[in-house]
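Take a look at the structure set out below.
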Amino acid sequence: MKNKFFTVSIPILLLVIASFYFTSKFIEPSSKKEITIATGSIDGEYYKTALLYKDILEKQKVKVNIITSNGSIENIQLLKDKKVDIAFVQNGIDELKNQHSLKAIASVNYEPLWIFYKNENYTMDYVIQLISKKISVGKEGSGTKDLALKILNDNGIDDQNSQILSHSTQEAKELLLKGEIDAMFVVTSANSKIVKELLDNPNINLFSFKRAKAYSRKYSFLESIPLYEGTIDLYKNLPSQDVNLLSTTANLIVRDEFSDELTRLVLKEIKNIHNKKGLFEAQNQFPNIDNLTIEINEDASRYFTYGDTWLEKIFPYWIASNIDRLKILLIPLITLMIPLSKGFFPLYRWSIRSKIYKWYEEIQKIDLEVEDVKNENLDKYLEKITALKKEIKAETKVPLSYMGEYYDLIMHLELIISKINIRLVTK
């Protein structure tokens, strides 16, 4: 009986193991826990944000490398050259339009466009008033230059009728303060030291977009946002009046092959950095995937639609991720369980009954031998069958539902014992 049990169970076990092995070949290996992020200049807001990312992601055992650059245009090239995995890129960059291998995973904050100009005792209401001026539009490769040229071209300003200069933000600030240029464009957050320094300077004015809503209608990635009087500094009353600004957003861009696991982890972790109320941002407004001008990463879209999975809510991220990856192993398990569930109860009954029936071969042998044994040898067989009865009672443990068959076995033993006793009495 034991041999029959192994004959049935071992092939089933081997089938299960083979099914799991075959299915495991379709499981993607765990992603490399290392990412490289492209930012902007080392004194820019992108770099400061990347340092926050590095801190939280390395707590999740993900190594983070940071590469500085001239800005969004250069970051796009770094992505295309596969030198970085994630890059900060300003929303609305034309360079992104035909980059089908790059995907956005989130907008993380507003990035207002600031236009500072020399205070010459008059206020500019329209961008066209900058015509014939010396204007710094940002460094080559920066998102500032891309947006500034759009705004200037919309107003008929180009290098034919004005001096368009490409200086870094720091260089442009120094030239503006010296009076060597007339205006400068910069796309950055309100936390920038340069913004606060220029706002605090009485010789410098901040341009207010009188037609901000018109620009936001023309460009889907731009929004009109108000900067209220005293918002930057209540004590110094900076700015000294309400200002209308135009703002784009800072986006996180990845290559198309970027790991789904790392995409979800990044979004899960940075949420706690960007979901707070800010100068322009409402509580929980960011990160989001609104008004993006580039195709959205599929896994990022699912994350913003459905949020954390129930596994991610229960387990630490990498445990939840590995469990999720292994869910494909349920396919062979379920496939095998359907037929096995039908055979389980018969197999169970057979295994229990085998504990009883295994004794019948020995009982039958004794019964046949007793038929032919001489009377003087009956005592030996009586001792043998009695010892067998004690052994059966000691070793045979079965559920109550099978006690009928157990007692049938004992009754058959008693029958043989009775036959031997009758012969012993009559000999």
- Task: With side-chain contact (heavy atoms from CB on, under 4.5 Å) as the test, would you mind laying out the steps for Ile194 and Gln170 before giving the verdict?
- Result: CA-CA 8 Å; Ile194 290 178; Gln170 183 64 33; 3.5 Å; yes

- Message: Less than 4.5 Å apart, side chain to side chain, heavy atoms only: is that true for Leu279 and Ile232?
- Response: yes

- Would you give the length of the straight line joining atom CD of Gln90 to atom CD of Glu95, rounded to the nearest 0.5 angstrom? 13.0 Å

- Item | Step-by-step salt bridge (charged side-chain N to carboxylate O under 4.0 Å, His left out) determination, Lys150 to Asp94 | CA-CA 10 Å; Lys150 285 186 176 74; Asp94 288 337; 3.3 Å; yes

- Item | With sequence neighbours excluded, residues passing salt bridge (charged side-chain N to carboxylate O under 4.0 Å, His left out) with Lys277 | none

- Working for salt bridge (charged side-chain N to carboxylate O under 4.0 Å, His left out), residues Lys268 and Asp308: CA-CA 8 Å; Lys268 181 182 177 71; Asp308 294 338; 3.1 Å; yes

- Are the charged groups of Lys365 and Glu362 less than 4.0 angstrom apart, N to O? no

- Message: Please check: side-chain N/O of Arg217 versus main-chain N/O of Ala212, any donor-acceptor pairing under 3.5 Å?
- Response: no

- Does Arg255 reach the main-chain N or O of Val84 with its side chain, forming a donor-acceptor pair under 3.5 Å? yes

- Would you please name every residue forming a ring-ring contact (aromatic ring centres under 6.0 Å, His included) with Tyr215, sequence neighbours left out? Phe209

- Query: If every non-hydrogen atom of Ala104 is compared with every non-hydrogen atom of Ile294, which pair is closest and at what distance?
  - Reply: CB-CG2, 3.4 Å

- Task: Can you establish whether the number of heavy atoms outside Glu120 located under 6.0 Å from its atom CD is more than 12?
- Result: yes

- Query: Among all residues two or more places apart in sequence or in another chain, which pass the ring-ring contact (aromatic ring centres under 6.0 Å, His included) test with Phe258?
  - Reply: none

- Message: Taking Thr188's backbone N and O only, do any of them form a donor-acceptor pair with Trp114's side chain (distance below 3.5 Å, no angle check)?
- Response: yes

- Are the side chain of Glu58 and the backbone N or O of Val64 linked by a donor-acceptor pair below 3.5 Å? yes

- Query: Between Glu111 and Tyr46, does a side-chain hydrogen bond (donor to acceptor under 3.5 Å, both in side chains) hold up when you go through it step by step?
  - Reply: CA-CA 11 Å; Glu111 284 197 309; Tyr46 288 165; 2.8 Å; yes

- Quick one: which of Asn201, Ile204, Asn203 gives a side-chain contact (heavy atoms from CB on, under 4.5 Å) with Leu176? Ile204

- Query: Hey, is CG on Leu400 packed in by over 12 heavy atoms from elsewhere, all under 6.0 Å?
  - Reply: no

- Should we count CD of Glu174 as having more than 12 external heavy atoms under 6.0 Å? yes

- Atom CD1 in Ile225, atom OG in Ser247: separation rounded to 0.5 Å? 4.0 Å

- Item | Under 3.5 Å donor-acceptor, Asn119 side chain and Pro202 backbone | yes

- Query: Under 6.0 Å from the NZ atom of Lys80, do we count more than 12 heavy atoms belonging to anything else shown?
  - Reply: yes

- Message: I'd like to check the ring-ring contact (aromatic ring centres under 6.0 Å, His included) partners of His167; sequence neighbours left out, ordered by chain and number.
- Response: none

- Are any side-chain N or O atoms of His274 and backbone N or O atoms of Pro287, one a donor and one an acceptor, separated by less than 3.5 Å? no

- Message: If you apply the rule salt bridge (charged side-chain N to carboxylate O under 4.0 Å, His left out), what do you find for Asp260 with Arg264, and how did you get there?
- Response: CA-CA 6 Å; Asp260 290 347; Arg264 291 187 67 85; over 6 Å; no

- Item | Results of ring-ring contact (aromatic ring centres under 6.0 Å, His included) for Tyr219 - residues two or more places apart only | Phe221

- More than 12 foreign heavy atoms under 6.0 Å from NZ of Lys271: is that the case here? yes

- Within the distance-only criterion (no hydrogens, no angle test), does the side chain of Asp81 pair as donor or acceptor with the backbone N or O of Lys83 below 3.5 angstrom? no

- Side-chain donor/acceptor of Thr263 to backbone N/O of Ser259, under 3.5 Å: yes

- Query: What are the two closest heavy atoms between Ser166 and Val137, and how far apart are they?
  - Reply: OG-CG2, 4.4 Å

- Query: Got a sec, which residues hit side-chain contact (heavy atoms from CB on, under 4.5 Å) with Lys213, two or more places apart in sequence or on another chain?
  - Reply: Ser216, Ser224

- Message: Please determine whether a side-chain nitrogen of the Lys or Arg among Glu140 and Lys145 lies less than 4.0 Å from a carboxylate oxygen of the Asp or Glu.
- Response: yes

- Message: Suppose we screen for side-chain contact (heavy atoms from CB on, under 4.5 Å). Which residues come up paired with Ile273, at least two apart in sequence or across chains?
- Response: Leu52, Tyr53, Ile56

- Query: Counting only heavy atoms not in Tyr306, do more than 12 sit closer than 6.0 Å to its OH atom?
  - Reply: no

- Task: Apply side-chain contact (heavy atoms from CB on, under 4.5 Å) to the pair Leu206 and Leu227, showing each step before the final yes or no.
- Result: CA-CA 11 Å; Leu206 173 62; Leu227 179 65; 4.1 Å; yes

- Phe116 and Val195: CA distance, side-chain angles, deciding distance, side-chain contact (heavy atoms from CB on, under 4.5 Å) verdict: CA-CA 9 Å; Phe116 293 101; Val195 167; 4.2 Å; yes

- Task: Among residues two or more places apart or on two chains, list those pairs meeting side chain to side chain donor-acceptor pair (under 3.5 Å) that have a residue in residues 62-74.
- Result: Glu34-Asn65, Thr36-Asn65, Ser69-Asn75, Asn70-Glu74, Asn70-Lys139

- Note on the structure: By side-chain contact (heavy atoms from CB on, under 4.5 Å), Glu395 pairs with (sequence neighbours left out) Trp359, Glu391

- Item | Residue pairs involving residues 281-302 (criterion ring pair (Phe, Tyr, Trp, His ring centres under 6.0 Å); sequence neighbours excluded) | Tyr110-Phe286

- Sole residue of Val254, Leu57, Asp85 in side-chain contact (heavy atoms from CB on, under 4.5 Å) with Val266: Leu57

- Message: Does atom OH (Tyr360) have a neighbourhood of more than 12 heavy atoms from anything else shown, all under 6.0 Å?
- Response: yes

- Message: Which residues pass the side-chain contact (heavy atoms from CB on, under 4.5 Å) test with Tyr126, not counting sequence neighbours?
- Response: Ile128, Gln129, Lys210, Arg211

- CD1 of Ile253 to CG of Asn91: how many Å apart, nearest 0.5 Å? 8.0 Å

- Task: Look at the side chain of Thr144 and the backbone N and O of Val187, then say whether any donor-acceptor pair between them is shorter than 3.5 Å.
- Result: yes

- Item | Partner set under salt bridge (charged side-chain N to carboxylate O under 4.0 Å, His left out) for Asp256, not counting sequence neighbours | Lys103

- Task: Would you please test Asn251 and Thr249 for side-chain hydrogen bond (donor to acceptor under 3.5 Å, both in side chains) and show each step?
- Result: CA-CA 6 Å; Asn251 298 339; Thr249 55; 3.3 Å; yes

- Task: Spell out, as yes or no, whether a donor-acceptor pair under 3.5 Å connects the side chain of Asn155 to the backbone of Ile151.
- Result: yes

- Any side-chain heavy-atom pair from Asp182 and Leu130 closer than 4.5 angstrom? no

